[in-house]
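Here the structure is laid out as structure tokens; the discussion comes afterwards.
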Amino acid sequence: MVGCILTGHGTFAEGVGAALEMVGGPQEDFAVVTFLEDEAAEFPEKIAGAIASMAEKCGEVVVFCDLMGGTPFNQAMMAGAATPGVRVVTGVNLPMLLECMSMRSDGVTADELVETAVEIGRMGVAAPVLETEAVDEPEDGEGI
């Protein structure tokens, strides 16, 4: 099974990880790595260690990040480049994670998981408008 790591600024990863567990249940081979500003100096080692540990256990790893260009993303990219079988996805959202976690099995590769993540992530962003029926006003213009 492809191992998965969720990271982001502040408590983002903890919150999204908790929502994932609430909707999708506990996740196997899944880790949350937080990036807190006052721990910035330790974060490179923290994310690299999580990636190395998950890669050793699972072989392939997908790291889901909140924001392209931020510290969690940059550090995941650098640590991932030093570890074979690691892919990084940015712009994570809950529909993306739910779909990816539900499709993980022994036959699914990290590349397939990343392809699905990007597709479902895009589909999870929308701006729907609720259509409402207009309320008829009295003809004489007088209300209540």
Side-chain angles (χ1 to χ4, degrees), residues 1-44 46-55 57-81 83 85-144:
M1 178 182 302
V2 176
C4 293
I5 296 172
L6 174 61
T7 188
H9 293 82
T11 58
F12 174 84
E14 289 175 1
V16 174
L20 171 65
E21 187 169 327
M22 179 181 175
V23 178
Q27 301 299 313
E28 187 178 337
D29 299 323
F30 181 84
V32 171
V33 180
T34 57
F35 169 63
L36 302 174
E37 191 173 356
D38 60 344
E39 299 172 352
E42 293 85 30
F43 187 76
K46 188 176 175 182
I47 192 70
I51 289 171
S53 176
M54 191 69 75
K57 180 179 181 186
C58 299
E60 290 188 303
V61 178
V62 176
V63 182
F64 294 91
C65 301
D66 61 347
L67 179 67
M68 186 182 313
T71 298
F73 170 80
N74 292 339
Q75 293 300 318
M77 289 293 290
M78 287 190 283
T83 308
V86 177
R87 296 290 310 271
V88 178
V89 175
T90 187
V92 68
N93 60 36
L94 188 55
M96 172 197 295
L97 282 177
L98 285 166
E99 184 67 27
C100 288
M101 296 307 106
S102 71
M103 71 178 278
R104 290 191 305 159
S105 68
D106 289 334
V108 174
T109 67
D111 288 340
E112 291 168 327
L113 210 59
V114 167
E115 186 178 316
T116 297
V118 171
E119 180 183 338
I120 299 300
R122 286 184 181 139
M123 289 172 47
V125 177
V129 176
L130 181 62
E131 298 289 329
T132 59
E133 293 183 35
V135 177
D136 291 332
E137 293 290 327
E139 286 185 32
D140 63 5
E142 293 183 25
I144 298 179

Margin query: Measuring from atom CE of M103 to atom CG of L113, what distance do you get when rounded to the nearest 0.5 angstrom?
Written below: 5.5 Å
Checklist line | From CD (E37) to CD (E39), nearest 0.5 Å | finding: 11.0 Å
Checklist line | Where T7 and F12 come nearest, the two heavy atoms and their spacing | finding: O-CD2, 4.4 Å
Check: What is the distance from atom CE of M96 to atom CE of M101, rounded to the nearest 0.5 Å?
Finding: 10.0 Å
Notebook entry, point to check: Taking S53 for the side chain and A50 for the main chain, is one N or O donor matched with an acceptor at less than 3.5 Å?
Noted result: no
Next item on the list: Would you check, one step at a time, whether the test side chain to side chain contact (heavy atoms under 4.5 Å, CB included) holds for V92 with L6?
Entry: CA-CA 9 Å; V92 68; L6 174 61; 4.0 Å; yes
Notebook entry, point to check: For residues 97-125, which residue pairs qualify under ring-ring contact (aromatic ring centres under 6.0 Å, His included), counting only residues two or more places apart or in two chains?
Noted result: none
Check: Mind checking whether V88 and F73 have side chains closer than 4.5 Å, heavy atoms only?
Finding: yes
Next item on the list: Apply side chain to side chain contact (heavy atoms under 4.5 Å, CB included) to the pair I47 and I5, showing each step before the final yes or no.
Entry: CA-CA 9 Å; I47 192 70; I5 296 172; 4.1 Å; yes
Margin query: Please find the pair of heavy atoms, one from G107 and one from E112, that lie closest to each other, and give the distance.
Written below: O-OE1, 3.7 Å
Note to self: Once rounded to the nearest 0.5 Å, what's the spacing between atom NZ of K46 and atom CG of L36?
What the structure shows: 5.5 Å
Notebook entry, point to check: Which atoms form the tightest heavy-atom contact between R87 and A110, and what is the distance?
Noted result: CG-CB, 4.2 Å
Note to self: Filter on side-chain hydrogen bond (donor to acceptor under 3.5 Å, both in side chains), then keep only pairs touching residues 14-32, sequence neighbours left out; what's left?
What the structure shows: D29-K57
Note to self: How close do G3 and C58 get, counting heavy atoms only, and between which atoms?
What the structure shows: N-CB, 3.6 Å
Note to self: If you compare all heavy atoms of C65 against all heavy atoms of P72, which two are closest, and at what distance to 0.1 Å?
What the structure shows: SG-O, 4.1 Å
Next item on the list: Look up atom CG in L98 and atom CD1 in I120, then write down how far apart they are to the nearest 0.5 Å.
Entry: 10.5 Å
Checklist line | Worked check of side chain to side chain contact (heavy atoms under 4.5 Å, CB included) between T34 and T11 | finding: CA-CA 6 Å; T34 57; T11 58; 5.9 Å; no
Checklist line | Distance, nearest 0.5 Å, that separates CG of L97 from CZ of F30 | finding: 5.5 Å
Next item on the list: State, to 0.1 Å, how close I51 and A76 come at their nearest heavy-atom pair, and which atoms those are.
Entry: CD1-O, 4.0 Å
Note to self: What I'd like to find out is whether the side chain of V2 reaches to under 4.5 Å of the side chain of T109, using heavy atoms alone.
What the structure shows: no
Item checked: Sequence neighbours excluded, every pair satisfying side-chain hydrogen bond (donor to acceptor under 3.5 Å, both in side chains) that has a member inside residues 62-74 -> H9-D66
